[in-house]
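Structure first, then comments.
These figures come from a predicted structure and were not determined experimentally.
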Amino acid sequence: MTIYNLQKQLQSRIEQAVEAAGFHGLQVYIRNLPPLKYEGDADQYFPHCVVSVGDGEDAQDQSKVMAVMVLGTIDKNPELKGYEEICHLIEILRLYFAEHPILDGYEIQRPINFTLAEQEVDTYPHFFGAVWFDVLIPGPGPDYSDLT
């Protein structure tokens, strides 16, 4: 089990969770959005969720890595539904992972953190948020050699 496998599992679970909650069309990517051929093409990648990992550590008794899910929507209408969508997506993910903390070979740890990125700067017509948490991962030891 590698950290990339963790990201693939998170990608799959996010897709399942948002579809089950009735949110359709979320594109889930690992690490970053696909490269743009033309700068004006960026809007085609909304709404999206980018799954990545942050810092990790191998401690004496356990190993863990931070999983980060950055969400983005776009809405050019005056009703600002993009903000509502970000709030809804954050709720879906934080509730889903709180209720399903076990992934195949990995365990999500609390606290489950989240933010609405707009609090710092106005990003209209784009709206962003994030959910992140630590995940217990298999740690290195005398018998650890699983690099599949």
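- Side chain of His88 to main chain of Glu84: no donor-acceptor pair is present (N/O by atom type, distance under 3.5 Å, no hydrogens or angles).
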_Test side-chain contact (heavy atoms from CB on, under 4.5 Å) applied to Asp55 and Met66, step by step_ = CA-CA 6 Å; Asp55 295 337; Met66 181 190 308; 5.5 Å; no

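- A distance of 11.0 Å separates CG in Asp104 from CG in Leu6, rounded to the nearest 0.5 Å.
- Both Leu26 and Phe114 are part of a single hydrophobic cluster, where members link through side-chain heavy atoms under 4.5 Å apart.
- Considering only heavy atoms from C-beta on, Thr115 stays 4.5 Å or farther from Asn113 through its side chain.
- Grouping the Ile, Leu, Val, Met, Phe, Trp and Tyr side chains by contacts below 4.5 angstrom, directly or via other members, places Leu103 with Val53.
- The closest side-chain heavy-atom distance from Ile14 to Phe97 is below 4.5 Å.
- Between the CD1 atom in Ile108 and the CG atom in Asp134 there is a gap of 11.0 Å [rounded to 0.5 Å].
- The two residues Pro35 and Tyr45 come nearest to each other via the heavy atoms O-OH, 3.8 Å.
- Residues Val50 and Leu89 are members of separate hydrophobic clusters, defined by side-chain heavy-atom contacts under 4.5 angstrom among Ile, Leu, Val, Met, Phe, Trp and Tyr.
- One distance of note links NZ of Lys64 with CZ of Phe133; it measures 13.5 Å at 0.5 Å rounding.
- Checked against side-chain contact (heavy atoms from CB on, under 4.5 Å), Ala42 has the following partners two or more places apart in sequence or in another chain: Leu36.
- Note on Val131 and Val70: separate hydrophobic clusters, where clusters join Ile, Leu, Val, Met, Phe, Trp and Tyr whose side-chain heavy atoms are under 4.5 Å apart, directly or indirectly.
- Interatomic distance, Tyr4 OH to Gln11 CD, rounded to the nearest 0.5 Å: 7.0 Å.
- Contact of the Glu91 side chain with the Cys87 side chain is not registered, since no non-hydrogen atoms from C-beta on lie closer than 4.5 Å.
- Ring planes of Phe127 and Tyr83: perpendicular class, angle over 60° (limits at 30 and 60°).
- To the nearest 0.5 angstrom, His126 atom NE2 is 6.5 Å from Lys76 atom NZ.
- Scanning all heavy atoms of the two residues, the minimum distance from Thr73 to Pro47 falls at CG2-CB, 3.9 Å.
- Contact detail for Pro138 and Gly105: the closest heavy-atom pair is CD-O, 3.9 Å.
- Relative ring orientation between Phe128 and Phe46 is described as perpendicular, the plane-to-plane angle rising above 60° on a 0-90° scale split at 30° and 60°.
- Residues Gly82 and Asp75 come closest through the heavy atom pair N-OD2, 3.1 Å.
- Cluster annotation: Leu116 and Phe23 are assigned to the same hydrophobic cluster (Ile/Leu/Val/Met/Phe/Trp/Tyr, side-chain heavy-atom contacts under 4.5 Å, transitive).
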*Step-by-step side-chain contact (heavy atoms from CB on, under 4.5 Å) determination, Leu93 to Leu71*: CA-CA 10 Å; Leu93 296 186; Leu71 302 158; 4.0 Å; yes

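- If you take SG on Cys49 and CD on Gln27, they are separated by 11.0 Å, rounding to the nearest 0.5 Å.
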